[in-house]
Amino acid sequence: MLELGFTKAERLLKGDKAGQRVKTRGWIYRTRHKGKMVFTVIRDSSGIIQATLFRGDMEDENEFEDAKKALVESSVEVEGILVKEPRAPGGYEIQVRRFRIVNFADVFPITKDQSEEFLRDNRHLWLRSRRMTAIMKIRSTVTGAIHEFFRNRGYYEFTPPILQPTQCEGGATLFEVKYFDMKTYLSQTWQLYAEAAIFSLEKIYDVAPTFRAEKSRTPRHLCEFWMAEMEAAWMELEECTEVAKEEVGFIIKKVLEKNRKELELLGRDTKVLEEMIKKDFPTITYTEALKILKERSGMEVEWGKDLRTIEESELMKHFDTPVVVTHYPKEVMAFYKPIDKEADAPGPVAKCFDMLAPEGYGEIIGGSERDTSIEEMKKYLEKDGEDPKNYEFYFDTRRYGSVPHSGYGLGVERVVAWISGIDNVKDAIPFPRTPSRIRP
RNA sequence: GCCGCCGUAGCUCAGUGGCUGGAGCGGCCGGCUGUUAACCGGCAGGUCACAGGUUCGAAUCCUGUCGGCGGCGCCA
């Protein structure tokens, strides 16, 4: 009754209302007419159901004429008898008595033939597609699961500023924003602020927009994306990687629970995901990763070089679950990632990690323990050409009761794309922003 | 930052120096009582991205501009 007697398509397809007079409303997804009949398929947020009109069965013949001329995406309220009908998609259809047009749609520009460019130009309309609807539902589950995961473990949601005066990631490009007569930048991580907050809340997380002005033209990059980060006091590298594994496992479990229908619509093999979460996700070191590349792929990587996309994807051919890779060479890591003096490696390595997704999806998480030595951090900032003076407030977090702490960031769109089995993160966000696109 | 590709009807494309630039889909008109992004008949629809150049002649060749896409690097 909350829906004023309207029943969603998904509910109607369950069939228990068969034989009853029902009402539903939505948008015309498909329509074709054949003499004194009109076949329409009505779409709502839950799914689609066929509504069939016979001229002679209509309580108002004008509505039959309206139905005949109504174009795709016209909004309608439909009333009729729900019947079992094997010829209808979904097995049930409404045999229509009343067909009220709420709004006659103009010619909908998106038809059978679609190019990626056209669909991106018309993303505001393409959002109505079953594909985008399915992905957006999965995205909603993913972000919901992240909140649930951390709150269940005693983490507080903490909201960082989006306008930030300094950079953090050592070289990553920032979007500059005019701020009255000053300059500021859009956030590329909450990290510096999160590290201030753990001294009160201890365990915190967020799901927030992140901006990177990198001209990266790949299926894995966006200039505006959502990052789910966590930061925890008293936590060292190993525990941090375990939290990351549990989080990813939890997200997959939730999507399997809530979005089986959407995964199937997208052609995602759910068995792969089901099997994956039964297994432990392995942790290896960077040095071990090089060994695997050499011995099992015949790929020689010089120790000290960062793993590139090609090496990561070759490495992941040997795994069918996400893998945590720790202890990358300090030289290629950001200033705040501390050297692990006890590590067994050919050179200085950092207490840091990435999580790589299987099936060619690559890096989904990056994180580390945080350096507690102001002197060390200053040394590496200067090496990167940064002025340590800009980081005084950050160094303050090390001056008053500093403790070991760790954190990481998870790329929401990358996780959504991977779990959904789609080939581009640009479809994992409603309105993607790339180096060459800020519309619509 | 580096390398490559594309731009022709609302959409997807064909046309690569020579007659008035084509098809399918979509739209409009008509037909059809079981359609499955139906079928049959008819109609409308073009700044060949833009600017300049070469040529008797340019959608087609050249130069530039604009817009978009892909790969690498970098990252989540």
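Chain identifiers are assigned alphabetically (A, B, ...) following the order of the sequence lines, protein sequences preceding nucleic acid strands; residue numbering begins at 1 within each chain. Keep in mind that this is a model prediction, so the values were computed, not measured. Hydrogens, waters and symmetry mates are skipped; everything else that's a heavy atom, side chains included, is used.
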Between atom CZ in A:Arg217 and atom P in B:C75, what is the gap in whole Å?
19 Å
Reckon A:Asp306 touches a base, only the sugar-phosphate, or nothing at all at heavy-atom distances under 4.0 Å?
sugar-phosphate
Rounded to whole Å, CG of A:Leu307 lies from P of B:C72 at a distance of 15 Å
If you compare every side-chain N and O of A:Arg414 against the phosphate oxygens of B:A76 (OP1, OP2), does one of them come in below 4.0 Å?
no
Which letter, B, S or -, goes with each nucleotide of nucleotides 24-32 of chain B from 5' to 3', with contact meaning a protein heavy atom under 4.0 Å?
B-SSS---B
Who pairs with B:G4 - Watson-Crick or G-U, where each distance is under 3.5 Å
B:C69
Within the 4.0 Å heavy-atom criterion, would you say A:Met227 contacts the bases, only the backbone, or no part of the nucleic acid?
sugar-phosphate
Now, which nucleotide makes the Watson-Crick or G-U wobble pair with B:C28, with each of the two distances under 3.5 Å?
B:G42
Looking at A:Glu79 and A:Arg98, is there a salt bridge between them, counting it only when a charged N and a carboxylate O are closer than 4.0 Å?
no
Separation between the C1' atoms of B:G21 and B:A58, rounded to whole Å:
13 Å
Does B:A76 have OP1 or OP2 under 4.0 Å away from a side-chain N or O of A:Thr189?
no
Looking just at side-chain N and O atoms, do A:Glu195 and A:Tyr394 make a donor-acceptor pair shorter than 3.5 Å?
yes
Which whole number of Å gives the distance between the C1' atom of B:C66 and that of B:A14?
26 Å
Could you give the NZ-to-P distance, from A:Lys305 to B:C74, as a whole number of Å?
10 Å
Establish, with yes or no, whether the OP1 or OP2 oxygen of B:C69 is under 4.0 angstrom from a side-chain nitrogen or oxygen of A:Arg437.
yes
Take atom C1' in B:G17 and the same atom in B:G31, then report the distance between them in whole Å.
46 Å
Using a 4.0 Å heavy-atom cut-off across all strands, classify A:Phe118 as base, sugar-phosphate, or nothing.
sugar-phosphate
Does B:A51 have a Watson-Crick or wobble mate here (both distances under 3.5 Å), and if so which one?
B:U63
Residue whose closest nucleotide on RNA chain B lies nearer the 5' end, A:Ile110 versus A:Glu413
A:Ile110
By the 4.0 Å heavy-atom rule, please label A:Arg220 as base, sugar-phosphate, or nothing.
base
What nucleotide among B:U12, B:U35, B:U33 has an atom nearest to a side-chain atom of A:Ala88?
B:U35
Does a salt bridge link A:Arg120 with A:Glu117, judged by any charged N lying under 4.0 Å from a carboxylate O?
no
Identify which nucleotide among B:G1, B:G34, B:G68 has an atom closest to any side-chain atom of A:Lys215, counting heavy atoms from C-beta outward.
B:G1
On a whole-Å scale, what distance lies between the P atoms belonging to B:U16 and B:U60?
12 Å
Closest nucleotide among B:U33, B:G73, B:G70 to the A:Glu116 side chain:
B:G70
Shortest non-hydrogen pair, A:Ala428 vs A:Ile135, comes out as CA-CG2, 4.0 Å
What's the closest nucleotide to the side chain of A:Thr218 if the choices are B:C11, B:G34, B:C72?
B:C72
Name of the residue among A:Phe158, A:Tyr156, A:Phe250, A:Tyr155 meeting ring-ring contact (aromatic ring centres under 6.0 Å, His included) with A:Phe150
A:Tyr155
How about A:Thr210 and A:Arg212: does a side-chain donor come under 3.5 Å of a side-chain acceptor?
no
Say you pick atom P in B:A23 and the same atom in B:C40; how far apart are they, in whole Å?
16 Å
Expressed as a whole number of Å, how far does the P atom of B:G57 sit from that of B:G42?
40 Å
Regarding the side chain of A:Arg212, the nearest nucleotide among B:A76, B:C69, B:G34 is B:A76
Same-atom distance (P) from B:G10 to B:G52, integer angstrom
23 Å
Please state how far atom CG in A:Asn424 lies from atom P in B:C69, giving the value in whole angstrom units.
10 Å
Who pairs with A:Thr141 by side-chain hydrogen bond (donor to acceptor under 3.5 Å, both in side chains), at least two apart in sequence or on another chain?
A:Asn259
Ring geometry between A:Phe175 and A:Phe211 (parallel below 30°, tilted from 30 to 60°, perpendicular above 60°)
perpendicular
Is the distance from OP1 or OP2 of B:A76 to the nearest side-chain N or O of A:Thr210 less than 4.0 Å?
no
Using the P atoms only, state how far B:C62 lies from B:C75, rounded to an integer number of Å.
39 Å
Quick one: label A:Ser216 by what it contacts on the DNA or RNA (base, sugar-phosphate, nothing), any heavy atom closer than 4.0 Å.
base
For A:Thr434 and A:Cys223, find the nucleotide of RNA chain B closest to each by heavy atoms; which residue's nucleotide sits nearer the 5' end?
A:Thr434
Using a heavy-atom cut-off of 4.0 Å across all strands, would you classify A:Gln114 as base, sugar-phosphate, or nothing?
base
Any side-chain donor near an acceptor of the partner, A:Gln191 and A:Tyr336, under 3.5 Å:
yes
Can A:Phe225 be said to stack with the base of B:A76, given centres closer than 5.5 angstrom and planes under 30 degrees apart?
yes
Base, sugar-phosphate, or nothing: which does A:Glu93 touch, judged by heavy atoms less than 4.0 Å apart?
base
Identified pairing partner of B:A76, criterion: Watson-Crick or G-U wobble below 3.5 Å:
none
Show the atom names and distances, to 0.1 Å, of all donor-acceptor pairs under 3.5 Å that link a side chain in residues 65-72 of chain A to residues at least two apart or in another chain.
residue : atom : partner : partner atom : Å
A:Glu65 : OE2  : A:Arg55 : NH1          : 2.8
A:Glu65 : OE2  : A:Arg55 : NH2          : 3.1

Is A:Gln95 touching bases, backbone alone, or none of the nucleic acid, heavy atoms closer than 4.0 Å?
base
